[in-house]
Peer 1: 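Dropping the structure in here first, questions after.
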Amino acid sequence: MSRGIKDKVAIIGMGCSKFGERWDAGPEELMLEAFNECITDAGIEKEQIEAGWLGVFFDEQNVGKSAIPMSQALRLPNIPVTRVENLCATGTESLRAATYAVAAGACDIALAMGVEKLKDTGYAGLPERTKGTFEDLWLPGSTAPGSFAQFASAYASRNKLDMDTLKEAMAHVSWKSHQNGSLNPKAHLQKTIEKEQAMQAPMISYPLGLYDCCGVSDGAACAIVTTPEMAAHLGKTGTLVSIKALQLSASNGVELAHKSWDGSYALTARIAAKNAYAEAGISDPAKELDLFEVHDCFSVTEIVTMEDLQVSEQGRAVHDVLDGKFDSDGELPCQIDGGLKCFGHPIGATGLRMIYELYLQMHGRADKRQLKDPQLGLTHNLGGLPNRNVCTVSIVGQYHGD
Amino acid sequence: MTDFGITASAISIPRLRLQRTAIAQAHNWVNPGLAARAKGQRAFCSSDEDPITMAVSAGNDCLLQNDNDEIQSLTFASTSAPFIDRQHATLIGEAVNLNDSVTTLDVSSSMRAGTSALLRQLQQDASNTQSLLIASDACIPKAGNPAEMIDGDGAAAVVTGSNPIAAFIAAESISIDLVDHYRTPQQPHNYQYEERWVRDEGINQILPKVIKKLLDKAKVAADTIDHLVLPLSNTRTAGALAKKAGLDNAKLADNLINITGICGCAHPLVMLHQILLSAKPDQTILLIGFGQGADAILLKTTAKLKQQQSKMQSISDGTTVESYTRYLSNKQLLDMDWGMRAERDNRTAMSVYYRKRRSINTFIGGRCEACETIQFPMAKLCVNPDCGAYETQQEYCLQNESAQVKSFTEDWLAHSTNPPLKYGNVQFDNGANVMMEFTDFEVGELAVGVQVTPRFRIKDIDQLRGFRRYFWKAAPAGES
């Protein structure tokens, strides 16, 4: 494996809009809202940004193609900007592009933006989209909850779990995230719920009920990245958050067509996690990592993911969840900001919104949610279907020099 | 007796069966008298079934029985097929995986389209020709029309050729333009004339005439007929007619009115199939078709029938449906609001469909010659992570392979005209894995490990352009 990018790039500013049903704002306003916070935080001038990336998933009913809408909304000084899209990992993909540009030395300061305006669709849930001219001819007309619900039946079958136990663990996941989200003023959903409510909610895609599904929200988040040397040059003293690993893995058709995959886990997540740990120099993730922001698009995804990230043993995630291991006061807090469950999933923004929480936690700026002295955190995005997806695993933490 | 005739027979009846009481109850405010007719059930297509899909199921089952490997011609008979100008027989031929050198033909326009096509095949085919005939109908009577209580949806298929299970003796036909009902391309529903007139002037005049003509020609005494297949909805009319024609000793075949309803031009063959399931060798069957005249075909079962009966499927029990609105919606007589998700554009990229039609129509995957992995779709590079060989795949047809549910969901959010949309990963016994929609499962019937079998069904309907496309879905195994 290559030497990777560990500690080659630091995050010097971040911003995140209020997430929610932002009937008051379009993608342009959401981007500006996140950007204003970000550039103030970074303490630089707009003119110092040398390149930008914009992550947007649904271009058809959002800002359209290219990153020109960002350049225009932020009135950027004609710098190179590019749109990126990689399913639910789109936000992280934007950060990856900016980080790589800085790590490569192609530019000193770069902007990673992610935005999604979902609530102009006219209906609940994610918008309908084509899967491709050939795929539309044969793949089921699946939705996101229906696709991820596949995890539940396959996971229960593999581990010989009855669905009631799995439902209980799923309810715990959602209950825990609502507890956390209630402390976050930027979250879409800021109410706590009872586990019973989650268990008895109307069915969306069996066995996922309403509370097993994340919200559908509008939002934007962004980061300004540079080298640690440039950060020092800009006068950034004290806590500096650097990127330890940014790994991505994409399906190649095996999970869709080969019997070697049993449907109960994300093959790509296991690969991305392994590579991220290697890049970050982590040998025991459960011991070395302090907090997790994982892709809880659906409660069951979070359960499966904890095994894929090697922080729960195979078949044990359900029990770890029920034992409170991932609660805010547990051994490994997960979704301390409320997660996708409470922020919803404006797709282009999500990955950056997760990094934003780690960034606040590292700086001790997470207010009521603040964990004690976190050093290393992980974010995870899983986009597509369990059998055809892209997964990113990012690790960020305190910068302690080379 | 000739060594030529019907060599295989199969049917396909939709799993959904509407209770006739549901129809009567729905129309009680307008026609309380319907209650008297509200007996039994009638089969109706699910929202992903139509005459094509039923035809493919029946055709496929028929070919599985047939040990004659080369089918030279395929005829499709229907009065309710979805296209006016696009040959259905060609599509069906691809779906049942016939060679592209097969001659294909659609026949239509009469309730005797099925029997007329069979008659012609039996009379005109050379004795060494193997021909597949499939009749399939799913008519749409106007809501409240008495035909709603009578019609059913269904298909039947027969192969004709040498070494038959029912040998061809003789056939006769009469063509008379008696318009008991009609439908033009502009009209979705039949315009129907009085039943009593049709009975007195049509059935009771024309049928005895054609039967006499046939028996005279074949020099067969009426009282030696063992089975009379008379596709009439009224059993009293049928009984009286049999008597009038001197067929008192013949067993009047069950018209299946309480199980399937009268399945349009497929019905004579559906009834014939049910007779063949239990007929003994050396029995004489008189098969009748009625519509703008009549067809009469005389068959005699052979010793071979007995061996084949174990391979022939009877009508499954089906799923009882009490909801009249579900029936109406499936017949597109009730314009349900399916929400904004139903606005998705289902335009078909026709050039893609054409390139990939072996995958889509025939459910052909690939089998890697290097590692033997069976996979769908077929690709240049093998999907096996331990293989990955280039250009090693041979065609492998998945449509008759057994499989089981690996994971599933019942999705109430996804657009479906038969909610919830059910789909998941399917594990074939041969090793292939395919993400498929499930069909014919009611809510709560799916589970990991349930045995499934592929069925050709409607995949999407393009409401904007009137096109519909088909693909294979996983249905409960062991049902025809």
Side-chain angles (χ1 to χ4, degrees), chain A residues 121-130 132-158 160 163 202-210 213 251-264 267 298 300 385-388, chain B residues 339-349 351-353 355-356 359-360 363 365 373 375-377 379 381 383-386 405-416 420-425 427-428 431-438 443-444 446-449 459-460 469 471-473:
Chain A
T121 316
Y123 53 85
L126 294 178
E128 290 286 334
R129 65 195 165 92
T130 176
T133 49
F134 174 47
E135 286 72 14
D136 281 346
L137 298 180
W138 69 278
L139 275 176
S142 56
T143 63
S147 304
F148 282 92
Q150 308 293 329
F151 270 150
S153 57
Y155 182 91
S157 168
R158 182 193 77 192
K160 298 182 175 52
M163 197 52 86
M203 199 58 79
I204 301 296
S205 297
Y206 176 86
L208 305 180
L210 183 63
C213 306
S251 294
N252 63 9
V254 166
E255 307 98 296
L256 200 58
H258 195 255
K259 64 182 175 186
S260 54
W261 179 72
D262 71 4
S264 69
L267 180 71
F298 304 98
V300 71
L385 321 174
N387 52 10
R388 194 176 193 242
Chain B
M340 288 186 185
R341 286 182 185 277
E343 294 166 10
R344 181 180 61 198
D345 191 340
N346 281 318
R347 185 173 194 278
T348 299
S351 50
V352 177
Y353 165 64
R355 272 201 304 277
K356 301 285 192 180
S359 303
I360 301 305
F363 206 11
T373 297
Q375 51 206 280
F376 183 89
L381 291 166
V383 76
N384 179 355
D386 299 323
V405 177
K406 184 159 117 177
S407 69
F408 73 96
T409 191
E410 292 166 350
D411 190 343
W412 293 95
L413 181 67
H415 168 56
S416 168
L421 187 71
K422 302 159 204 81
Y423 52 93
N425 293 295
Q427 168 79 60
F428 283 78
N433 273 250
V434 187
M435 192 180 189
M436 299 175 79
E437 285 182 27
F438 296 108
V443 173
L446 275 164
V448 172
K459 174 72 172 73
D460 283 302
R469 57 191 184 215
F471 184 59
W472 296 81
K473 299 183 185 179

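Throughout, protein chains are lettered first and strands after them, A, B, ... in sequence-line order, and every chain is numbered starting at 1. These values consider heavy atoms only, across backbone and side chains, with no hydrogens, waters or symmetry-generated copies.
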Peer 1: Measure B:S359 against the heavy atoms of chain A and call it side chain, backbone, both or neither at under 4.5 Å.
Peer 2: side chain
Peer 1: Looking at B:Q375, B:K406, B:R355, which one has more heavy-atom pairs under 4.5 Å with chain A than the rest?
Peer 2: B:K406
Peer 1: Among A:A152, A:S264, A:A149, A:A257, which has the most heavy-atom pairs under 4.5 Å with chain B?
Peer 2: A:A257
Peer 1: Which heavy atom of B:N425 sits nearest to which heavy atom of A:W261, and what is that distance?
Peer 2: ND2-CZ3, 4.1 Å
Peer 1: Which atoms of B:K459 are under 4.5 Å from chain A, going by heavy atoms: the side chain, the backbone, both sets, or neither?
Peer 2: side chain
Peer 1: Can you name the nearest heavy-atom pair linking B:L421 to A:G141, along with the distance?
Peer 2: CD2-O, 3.2 Å
Peer 1: Between A:P140 and B:M435, which heavy-atom pair has the shortest distance, and what is it?
Peer 2: CD-O, 3.6 Å
Peer 1: Under 4.5 Å heavy-atom distance to chain B, tell me which part of A:A156 shows up: side chain, backbone, both or neither.
Peer 2: neither
Peer 1: Check each atom of A:T133 against the heavy atoms of chain B and say whether the ones under 4.5 Å are side chain, backbone, both or neither.
Peer 2: both
Peer 1: Less than 4.5 Å to any heavy atom of chain A: does that hold for the side chain of B:T348, its backbone, both, or neither?
Peer 2: side chain
Peer 1: Heavy-atom cut-off 4.5 Å, strictly under: side chain, backbone, both or neither for B:V448 against chain A?
Peer 2: side chain
Peer 1: Please identify, among B:P377, B:G424, B:A349, B:P385, the residue contributing the most non-hydrogen atom pairs under 4.5 Å to chain A.
Peer 2: B:P385
Peer 1: Measure the spacing between CE of B:M436 and CG of A:L139 and express it to the nearest 0.5 Å.
Peer 2: 11.0 Å
Peer 1: If you round to the nearest 0.5 Å, how far is CG of A:D136 from CG of B:D460?
Peer 2: 7.5 Å
Peer 1: Which bit of A:L208 comes within less than 4.5 Å of chain B, counting heavy atoms only: side chain, backbone, both or neither?
Peer 2: neither
Peer 1: To the nearest 0.5 Å, what is the distance between CG on B:D386 and OG on A:S260?
Peer 2: 7.5 Å
Peer 1: Evaluate the ring planes of B:F376 and A:W138, with Trp represented by its six-membered ring, and classify them as parallel (under 30°), tilted (30 to 60°) or perpendicular (over 60°).
Peer 2: perpendicular
Peer 1: Please report the shortest heavy-atom distance between A:G146 and B:T409, naming the atom on each side.
Peer 2: O-CG2, 3.3 Å
Peer 1: Please flag which part of A:S142 lies under 4.5 Å from any non-hydrogen atom of chain B: side chain, backbone, both or neither.
Peer 2: both
Peer 1: Heavy-atom distances under 4.5 Å only: say whether B:E410 touches chain A with side chain, backbone, both or neither.
Peer 2: both
Peer 1: Nearest heavy-atom pair of B:R341 and A:L126: which atoms, and what distance?
Peer 2: NH2-O, 2.9 Å
Peer 1: Do you know which two heavy atoms are closest between A:L137 and B:I360, and how far apart they sit?
Peer 2: CB-CD1, 3.6 Å
Peer 1: Heavy-atom pairs under 4.5 Å with chain B: which of A:A154, A:P145, A:A144, A:S205 has the most?
Peer 2: A:S205
Peer 1: Which one of B:F428, B:W412, B:W472 has the most heavy-atom pairs closer than 4.5 Å to chain A?
Peer 2: B:W412
Peer 1: Roughly how far, to the nearest 0.5 Å, is OG1 of B:T373 from NZ of A:K259?
Peer 2: 6.5 Å
Peer 1: Treating A:Q150 as the side-chain partner and B:Y423 as the backbone partner, does any N or O pair qualify as donor plus acceptor under 3.5 Å?
Peer 2: yes
